[in-house]
Amino acid sequence: MKLKQLESVLGDLEQFSNPKVELEQYPTGPHIASRMLYTAENSFGDVSNKVVADFGCGCGTLGAAATLLGADQVIAIDIDSDSLELASENAADLELDIDFVQCDIRNLEWRGHVDTVVMNPPFGTRKKGVDMDFLSMALKVASQAVYSLHKTSTREHVKKAALRDFNASSAEVLCELRYDVPQLYKFHKKKEVDIAVDLWRFVPKRNLGRGI
């Protein structure tokens, strides 16, 4: 599937009608989602025929993109039952086979093989450190790679934590993107705001018997 086609399909997915601010629910737009997964597949071969987990799946955009790009299995995980219901409906509309799991990522107990984790975690503006909780768990679960979005302003902190604390063998910013945050919540004063975000690729250190 070509990049423009992937972006077009993702653009038809239903988004949050009543997002929950405490969970920092912001949709991953089709522009970013398509480029994130397209890069993972076409530059690194981390999607097709792989087991992919979508952490904090929200509306299911990243998981849908992984499925459309030929993932062998996609597991979409979110703490919020309303998000999972919406993501499931989106998958059904596209006739995609995705497994959905309701769980707090921070309490995830995984028994199984995952090649690649993709995620747009909360930035940690409401609950400090939650972005690092997601990254820590992703690097425990993935055997091959983790793709994640983080504020560009946190770049040095993210890199240091990944390499020093979270067992990453490499942490690379693939590109800087403009994340369009629409006016979703009452405290938003502007119709939309662009936030600079980094698309990261982390490679976990190889561990025998990986899986938690």
Side-chain angles (χ1 to χ4, degrees), residues 1-16 25-78 83-101 105 108 110 112-121 134-135 137-150 168 170-180 197-204 210-211:
M1 179 177 284
K2 295 186 181 300
L3 177 59
K4 283 188 176 181
Q5 184 184 2
L6 179 62
E7 182 175 352
S8 176
V9 173
L10 298 179
D12 290 334
L13 297 178
E14 289 294 322
Q15 301 295 337
F16 298 113
Q25 289 182 336
Y26 296 96
T28 307
H31 179 81
I32 286 183
S34 58
R35 279 150 185 79
M36 186 174 177
L37 272 294
Y38 194 83
T39 300
E41 172 55 23
N42 287 274
S43 297
F44 300 98
D46 285 333
V47 179
S48 179
N49 301 314
K50 307 297 183 186
V51 178
V52 178
D54 178 1
F55 276 14
C57 68
C59 309
T61 307
L62 297 180
T67 310
L68 290 164
L69 289 173
D72 187 52
Q73 181 186 10
V74 173
I75 305 146
I77 305 168
D78 204 287
S83 293
L84 289 170
E85 183 177 348
L86 178 56
S88 179
E89 290 172 359
N90 279 331
D93 287 344
L94 292 177
E95 299 182 349
L96 302 178
D97 185 12
I98 297 175
D99 298 315
F100 294 97
V101 177
I105 291 296
L108 185 64
W110 197 259
H113 176 79
V114 170
D115 297 297
T116 305
V117 172
V118 296
M119 60 184 190
N120 177 17
F134 269 66
L135 181 57
M137 188 59 72
L139 281 162
K140 290 177 182 177
V141 169
S143 66
Q144 190 159 311
V146 174
Y147 293 84
S148 186
L149 299 169
H150 297 271
S170 68
E172 179 186 3
V173 176
L174 300 180
C175 61
E176 184 178 321
L177 299 162
R178 307 302 297 182
Y179 190 95
D180 177 28
V197 298
D198 292 334
L199 170 56
W200 287 87
R201 182 179 189 261
F202 304 94
V203 176
R210 180 175 290 281

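Values below: all heavy atoms of this structure, side chains included; hydrogens, waters and symmetry mates excluded. Since the structure is predicted, the reported quantities are computational estimates derived from the model, not experimental observations.
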Checking S88 side chain against L84 main chain: does a donor-acceptor pair fall under 3.5 Å?
no
Side-chain heavy atoms of L37 within contact of V118, under 4.5 Å
yes
Side chain proximity check, M119 to V146, heavy atoms < 4.5 angstrom:
yes
Residues in side-chain contact (heavy atoms from CB on, under 4.5 Å) contact with E7, at least two apart in sequence or another chain:
P30, H31, S34, R35
Separation between CG of N120 and NE2 of H150, rounded to the nearest 0.5 Å:
9.0 Å
Which heavy atom of F100 sits nearest a heavy atom of A91, and at what distance?
CZ-CB, 4.0 Å
Going through the distances and angles, do L199 and L149 end up as a side-chain contact (heavy atoms from CB on, under 4.5 Å)?
CA-CA 5 Å; L199 170 56; L149 299 169; 4.1 Å; yes
Is D78 reaching over with its side chain to a backbone N or O of C57, donor-acceptor style, under 3.5 angstrom?
yes
Any salt bridge (Lys or Arg N to Asp or Glu O under 4.0 Å) involving residues 37-46? Give me the pairs, sequence neighbours left out, ordered by first then second residue.
D46-R201
Go through the structure and list residues passing side-chain contact (heavy atoms from CB on, under 4.5 Å) with A64, not counting sequence neighbours.
L10, L13, L96
Taking every heavy atom of Q144 against every heavy atom of V203, the minimum-distance pair comes out as O-CG1, 3.9 Å
One pair to check against side-chain contact (heavy atoms from CB on, under 4.5 Å): S170 and F202. What are the steps and the verdict?
CA-CA 6 Å; S170 68; F202 304 94; over 6 Å; no
L135 and W200: CA distance, side-chain angles, deciding distance, side-chain contact (heavy atoms from CB on, under 4.5 Å) verdict:
CA-CA 11 Å; L135 181 57; W200 287 87; over 6 Å; no
Look up atom CG in L62 and atom CG in D54, then write down how far apart they are to the nearest 0.5 Å.
5.0 Å
Do I75 and V52 come close enough that some side-chain heavy atom pair is under 4.5 Å?
no
Could you tell me the separation between the CD atom of E85 and the SG atom of C59, rounded to the nearest 0.5 Å?
12.5 Å
Euclidean distance, N42 CG relative to K2 NZ, rounded to 0.5 Å:
10.0 Å
Kindly compute the distance separating CG (D72) from CG (D115), expressed to the nearest 0.5 Å.
8.5 Å
Steps toward side-chain contact (heavy atoms from CB on, under 4.5 Å) verdict (D99, V74)
CA-CA 6 Å; D99 298 315; V74 173; over 6 Å; no
Find out whether F134 and L108 are in side-chain contact, i.e. whether some heavy atom of one side chain is under 4.5 Å from a heavy atom of the other.
no
Just how far is it from atom CE of M36 to atom OH of Y147, taken to the nearest 0.5 Å?
9.0 Å
Quick one: closest heavy-atom pair of A87 and G58, and the distance?
CB-O, 3.5 Å
Determine the minimum heavy-atom distance between V47 and A66, stating which atoms define it.
CG1-O, 3.5 Å
Shortest non-hydrogen separation from A76 to I98 and the atoms involved
CB-CG2, 4.0 Å
